[in-house]
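Down below is the structure, laid out as structure tokens.
Quick note: numbers below take in every heavy atom, side chains included, and nothing from hydrogens, waters or symmetry partners. Whatever order the structure lists them in is the order used to number ligands and atoms, beginning at 1.
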Amino acid sequence: MSNQEAISGNGSGSQMSNSGMIITQAKGPLPEGVHLPLYMDNHATTPLDPRVLDAMMPYFTNKFGNAASRNHAFGWEAEEAVENARAQIGKLINCTPKEIIFTSGATESNNLAIKGIAEMYREKGNHIITQVTEHKAVLDTCKKLEKMGYRVTYLPVQADGLIDMDDLKRAIVKDGPDKTILVTIMYANNEIGVVQPIREIGKICHEAGVLFHTDAVQAVGKIPVDVQADNIDVLSLSAHKIYGPKGVGALYVRRRNPRVQITEQINGGGHERGMRSGTLNVPGIVGLGKACEIAGAEMATEAERERELRDYLRHKLESNLDYVQVNGNMEHHLPGNLNMSFVYVEGESLLMGINDIAVSSGSACTSATLEPSYVLKALGLGDEIAHSSIRFGLGRFNTKAEVDYVADKIIEVVQKLRELSPLYEMVKEGIDLSKIEWAAH
Ligand SMILES: *Cc1c(COP(=O)(O)O)cnc(C)c1O
């Protein structure tokens, strides 16, 4: 099944893009199995797997009970479904069902983990360690804690996006009021796809007696994640990044060796062992459970398939275009991620030229201005090259035909834009751009 069929099942023809712009299709018929707009942005979100929707449907209709209703069959039915989901998640990450706390998504999970630990362990210490390429849900939470008087260390990343274990060891404070209470490092990065040495980080934390939280949103269901072997104490995950519904996530909280305590951030009713009050989103939770079950069963073959497609895309782009570079360590990498810079091409023009393809650029829209991605900048990329970067996010429903279409389109547009680029012309003529004195403007 193609992406488009998974989303809407419709055919071709002119379609509205999400900005309301009419997307005109390429001249001539589209290749077999390719429908526009084409989705290749699976780190932002993923389409709902039809099997997940099937599992959820009854809980929107006749199985509508409140999982906290302990005295009748409607409640028991909902509770059973929720407990089943806990077990499905536990099986995927190797924890017990009791260690799963349901939330509204990974943003909430990250907030609950970091603020909840900071509050609970305040008497023990005041220091938290994270790193600069974390998702905003972690970075903004840490900034908030700094305002509240906590001390936060933001570790740098190396040029390949990985943190240095010696930096981490040096940053851990063993005694005093500024003793480190928490290390929070993401499992895999959502922009550049690099996978941090989580097992080693967890080991360092445990040897130092420091709790270890990881934002594993991009890793869970894509690569093997094992909270025991990886020495993880607290872990955030989200359903809509693994072909489940939006608005539901979970937090794994270790119950032994050590038993982690977290101060609740939402009060009222004491659901989820007192850590997260609120009536459970039963259909969403059922969807998250099913998404985990499918991801676990298909991970090995799907990862291999996506890795092959990704490498094929990379090879095709690299062999048809000069001045391209791949960002992030490609050895420790998510199978479906490719982040590439197309030097001497303006990122916005490139995205406009491929506006029937959904990918992400190396620019982030903060208020009115277009800022280069802080993740790419952390790797040492300049503003220009960050702006000329594209994140390809391959997923379960992407096909080889789609990869070919995307590659051909990118090659065509990059070549066209470079024909118009005086910089590119000069480089081709052998002029050293660094020696040119530009007129001030
Ligand atoms: C998407 C994402 C989040 C946020 O998850 P939500 O469920 O959308 O709140 C957090 N961290 C990473 C790495 C993500 O990719």
Side-chain angles (χ1 to χ4, degrees), residues 39-48 52 85 89 93 100-116 130-144 154 157 161-163 184-196 198 201 212-223 225 230 232 234-252 265-266 276 278 280-281 283-285 287-289 291-292 295 328 332-339 358-360 362 364 373-376 378 391-396:
Y39 193 73
M40 203 176 276
D41 198 17
N42 287 281
H43 304 301
T45 193
T46 53
L48 193 73
V52 173
I89 301 166
I93 63 171
I100 296 298
I101 306 294
F102 289 111
T103 66
S104 65
T107 299
E108 186 192 334
S109 295
N110 286 338
N111 271 265
L112 176 57
I114 298 167
K115 289 175 182 165
T130 185
Q131 58 92 26
V132 292
T133 66
E134 291 292 313
H135 190 272
K136 289 289 182 188
V138 167
L139 292 177
D140 289 351
T141 302
C142 287
K143 277 190 203 131
K144 176 76 184 278
Y154 300 87
V157 293
L162 298 178
I163 64 165
T184 172
I185 304 282
M186 73 200 317
Y187 211 117
N189 186 272
N190 46 300
E191 282 189 45
I192 52 175
V194 300
V195 179
Q196 298 287 352
I198 289 300
I201 296 169
F212 176 41
H213 164 254
T214 186
D215 172 348
V217 171
Q218 296 289 344
V220 166
K222 314 285 171 59
I223 56 175
V225 170
D230 292 344
I232 295 164
V234 187
L235 174 148
S236 303
L237 61 92
S238 179
H240 78 100
K241 304 289 176 81
I242 52 172
Y243 313 93
K246 289 165 186 60
V248 57
L251 187 67
Y252 154 74
Q265 302 297 307
I266 295 176
R276 204 281 192 176
L280 292 178
N281 170 5
I285 288 166
L288 171 55
C292 287
H332 305 282
H333 210 99
L334 290 174
N337 175 279
L338 180 65
N339 191 304
V359 290
S360 279
S373 144
Y374 67 93
V375 173
L376 295 176
R391 173 186 74 180
F392 302 94
L394 290 154
R396 184 177 289 165

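- For the 3.5 Å distance criterion, the side chains of K246 and T45 qualify, holding a donor opposite an acceptor.
- Proximity to H240 (heavy-atom distance under 4.0 Å) selects the following atoms of ligand 1: 6 (P), 7 (O), 8 (O).
- For the pair E108 and ligand 1, the shortest N or O to N or O distance does not fall below 3.5 Å.
- At the shortest separation from atom 7 (O) of ligand 1 among protein heavy atoms lies S238 OG, 2.7 Å.
- When only interatomic distances are considered, the shortest N/O to N/O separation between N190 and ligand 1 does not fall below 3.5 Å.
- Only the side chain of Q218 comes within 4.0 Å of ligand 1, counting heavy atoms alone; its backbone N, CA, C and O stay farther away.
- Side chains of T130 and T184: a donor-acceptor N/O pair is absent below 3.5 angstrom, by distance only.
- For N110, no nitrogen or oxygen atom sits less than 3.5 Å from a nitrogen or oxygen atom of ligand 1, counting backbone and side chain alike.
- Using a 4.0 Å cut-off between heavy atoms, V217 contacts ligand 1 through its side chain alone, with no backbone atom that close.
- Side-chain polar atoms of D41 and S360 form a donor-acceptor pair below 3.5 angstrom.
- Ranking protein heavy atoms by distance to atom 1 (C) of ligand 1, first place goes to K241 NZ, 1.4 Å.
- Taking distance alone, with nitrogen or oxygen atoms compared against 3.5 Å, A106 approaches ligand 1 more closely than that limit.
- Looking at ligand 1, you won't find any N or O of H43 less than 3.5 Å from one of its N or O atoms.
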